[in-house]
Amino acid sequence: MVRCVTLLALALGLGLGLGLKQHLDEPRATKNKGPNVLVIMSDDQDHLLESLSVQPNVRNLIGGNGVTYEKHYCTVAWCCPSRVNFFTGRAAHNTNITSAQPPHGGWTRFGELGLNDNYLPVWLSDAGVNTYYAGKFMNGFKNWNLATPAPPNGWLDSSFLVEPWTYNYLNSHYTNKANAGSDTDITGYKGMHTTEVLEQKALAMIDDAATRDGQFYMQIAPVAPHLQIGGGSDVPPVPDKYKGKFTGVQAPRTSNFNPDQPSGASWVKKLELLSDKSIEKLDEIYRHRLGNLAYIDDMVGNLIQRLEDHGILEDTYIIYTTDNGFHIGQHRLTAGKLCPYEEDINIPLLIRGPDVAKGVTSEIINSHTDMAPTILQMLGLPLRDEFDGQPIAYKSNDLAASDKTELVNVEFWNSEQRQPSVPGSYANNTYKALRLISDEYTFLYTKWCTGEREFYDMQTDPGQMTNRLASPPQGSAVKYYGRSENSLYDRLDALLMVTKSCAGDSCREPWDVLFPSGQIGNLTDAMRPEYDTFFANQPKVTFSSCIQNHIVSEEGPQDVTPFGS
């Protein structure tokens, strides 16, 4: 039977179901046991719509003492595929976790594919690292399938949010011990805000980790500021401290907010203008998101203070990020994610810790595929052959010398898309995309399952409103490197052909697949006229259908023709 805990019990420090013994009265560890890693991962946090403005602890205690990455991306703008991407260092087309729920994603699918035996905490635990997790773990982790086919592997201690209460902010339910296997191992917290419960669990885990021998890895994952599900309203309730704090604040009226003319491709371009009532709802959601993010920031400050109290702050890498971004009115979209646009894929990443450059803002492009390799490197552990990503530079010298690739691969599979708070659904939200960034250009190129293409030059069109590949094209004709637009698109499509099905080295160095001799390493060099015929004759990215998961036979040609072959 699921246990229930009241607010009074929380205040008294009783019956929290932390799944571990608190060690507040035991001697504190002060010696350096090797670096540790603490990850705080929020749920659905934007980078471009001012969410960090209400998080001074994140900005100053982490970013001010470390590196803030302006060009960090999720590769799948959806909770479960993105978290699996983070945990495995592999692209979604290689894990085939492409949805939030079965049959193409979620907790049980994760186990069926063998990933529960081959992801970050398992590798760390096998290497002797003490591992902890509290908060939202994976979609589809329910009160009846906690151990289906087995409990989450690799965690020394854990307290996972459990469905169907995961997104019910004032009635959250958490597992209360490691290797929870039934509903008797679940505790409910009716009347308590989910992030307040999580904060107490996280602080107790730090207390426990500080008293143990060896390094630790800890991941704290608030469900906030995700929309509420199951609490009577989709507006996420705010902790008492921040109720009414942001009265009158509106969602940012960006250049692409509820535009007069439709934008985007596929189902997005069919959206109607948002009504005044819909916009009022978006503003309400936005205010509640800020209140929740502000409380997460308080938690971050308290976690950092607890590390300091134990004398291990300077030995601990602290990573702040989220699973995916969020739009709220952009392109006539309501409140959500799942799209290839910048609000959905460009997400916060801030890192501090031993030898991390201090107070630096980096423009190095990187993604969640790079996080598992980065964490292994931080803990002094070897990288794995199956990685599609690579460690992100965080030391001063490495940041200056980084030769990180110019692009991020973005992908999505979903045959039906819904807009929160809007009746009905939209078909055909399957696409492959490339986000390319350098000192000379910043582009998004997308190929949809419908055959439509999108191209945005974000130096002149940061809101992604002018699709040069619409039919008819939007905007005025432009030349790149003195060349026609089509010559650029041929190159982007060939590069997308590589990344949409890449693995290992081909994900990290996609130009080497096209040019095995290494003569071309970036888009600028590839634009030379002598390569026009080579790129024009490459097979094109296509889909046979708008599918919900990665089925190779439905995704057209898989291979390019290397130069010189």
Side-chain angles (χ1 to χ4, degrees), residues 19-20 37 39 41 75-76 78-163 175 177-182 185 205 214-221 323 368-391 503-504 507 549-550:
L20 50 84
V37 175
V39 174
M41 177 183 282
T75 63
V76 184
W78 206 359
C79 305
C80 188
S82 183
R83 289 165 190 260
V84 174
N85 179 225
F86 180 98
F87 277 134
T88 64
R90 298 169 63 198
H93 63 253
N94 290 326
T95 65
N96 214 350
I97 297 290
T98 60
S99 177
Q101 299 291 344
H104 307 304
W107 161 240
T108 54
R109 181 63 172 162
F110 184 79
E112 290 168 359
L113 293 174
L115 295 171
N116 192 30
D117 298 318
N118 188 30
Y119 73 128
L120 183 63
V122 174
W123 310 329
L124 299 183
S125 180
D126 287 348
V129 177
N130 298 321
T131 53
Y132 298 81
Y133 198 101
K136 177 181 171 181
F137 177 55
M138 203 168 293
N139 300 79
F141 189 76
K142 302 177 186 290
N143 58 327
W144 55 267
N145 70 2
L146 304 177
T148 304
N153 285 338
W155 302 107
L156 171 67
D157 212 331
S158 56
S159 189
F160 301 119
L161 275 163
V162 180
E163 293 182 9
T175 56
K177 67 177 186 179
N179 299 312
S182 71
D185 302 326
M205 285 184 172
Q215 300 165 272
F216 70 80
Y217 174 84
M218 186 178 300
Q219 190 156 337
I220 307 301
D323 50 4
H368 265 11
T369 313
D370 302 316
M371 294 308 301
T374 303
I375 290 165
L376 288 186
Q377 183 184 78
M378 288 173 170
L379 292 169
L381 299 174
L383 303 185
R384 300 180 66 83
D385 292 340
E386 71 262 34
F387 280 155
D388 299 327
Q390 59 187 309
C507 294
N549 66 320
H550 179 60

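Bear in mind that the values here come from a model prediction, so they are computed numbers and not experimental data.
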So, for Cys80 and Ser99, which heavy atoms are closest and what is the spacing to 0.1 Å? CB-O, 3.6 Å

Trp78: partners by side chain to side chain donor-acceptor pair (under 3.5 Å), with sequence neighbours left out: none

Go through the side-chain N and O atoms of Tyr217 and Gln215 and say whether any donor and acceptor fall under 3.5 Å apart. no

Give a yes-or-no answer on whether the side chains of Thr108 and Asn145 include a donor-acceptor pair shorter than 3.5 Å. no

Using a 4.5 Å cut-off on heavy atoms from C-beta on, say whether the side chain of Ser158 contacts that of Phe137. no

Which pair of heavy atoms, one from Pro81 and one from Ala100, lies closest together, and at what distance? CD-N, 4.5 Å

Using a 4.5 Å cut-off on heavy atoms from C-beta on, say whether the side chain of Val162 contacts that of Thr175. yes

Could you state the interatomic distance from CD (Gln390) to OG1 (Thr374), rounded to the nearest 0.5 Å? 8.5 Å

Quick one: CZ on Arg83 to CE on Met138, what's the gap to the nearest 0.5 Å? 8.5 Å

Just do the side-chain contact (heavy atoms from CB on, under 4.5 Å) check on Asn96 and Asn549 with the steps written out, would you? CA-CA 7 Å; Asn96 214 350; Asn549 66 320; 3.9 Å; yes

Nearest heavy atoms of Val76 and Ser82, plus distance in Å: O-CB, 3.4 Å

Under the ring-ring contact (aromatic ring centres under 6.0 Å, His included) test, which residues partner Tyr119, sequence neighbours left out? Phe87, Phe110

Asn153 backbone acceptor or donor facing Asn116 side chain under 3.5 Å: yes

Distance col, row Leu156:CG vs Leu124:CG, nearest 0.5 angstrom, shows 12.0 Å

Show every salt bridge (charged side-chain N to carboxylate O under 4.0 Å, His left out) that has at least one partner inside residues 90-111, sequence neighbours left out. Arg109-Glu112

Show me the pairs that pass salt bridge (charged side-chain N to carboxylate O under 4.0 Å, His left out) and involve residues 137-149, at least two apart or across chains. Lys142-Glu163

Could you pull out the closest heavy-atom pair between Gly89 and Pro373, with the gap in Å? CA-CD, 4.3 Å

Take Trp123 and Asn118, measure what side-chain contact (heavy atoms from CB on, under 4.5 Å) needs, and give me the verdict at the end. CA-CA 7 Å; Trp123 310 329; Asn118 188 30; 2.9 Å; yes

Quick one: pull up NZ in Lys177 and OG in Ser159 and give me the separation to the nearest 0.5 Å. 12.5 Å

Could you tell me the separation between the CG atom of Leu376 and the CG atom of Leu381, rounded to the nearest 0.5 Å? 5.5 Å

Should Phe141 and Leu146 count as side-chain neighbours, where that means a heavy-atom distance under 4.5 Å? yes

Asp323 side chain near Met41 side chain, heavy-atom distance below 4.5 Å: yes

Going by the salt bridge (charged side-chain N to carboxylate O under 4.0 Å, His left out) test, which pairs reach into residues 371-382, not counting sequence neighbours? none

Okay, side chain of Thr131, backbone of Ser125: is any donor-acceptor separation there less than 3.5 Å? no

Does the plane of the ring in His93 sit parallel, tilted or perpendicular to the ring in His550? Use 30° and 60° as the thresholds. tilted

For residues 113-130, which residue pairs pass the salt bridge (charged side-chain N to carboxylate O under 4.0 Å, His left out) check, not counting sequence neighbours? none

So, for Ala221 and Tyr133, which heavy atoms are closest and what is the spacing to 0.1 Å? CB-OH, 3.4 Å

Testing the basics here: between Asp388 and Cys507, what is the closest heavy-atom pair and its distance to 0.1 Å? O-CB, 3.5 Å

If you measure from CG on Leu113 to OG1 on Thr88, what distance do you get to the nearest 0.5 Å? 11.0 Å

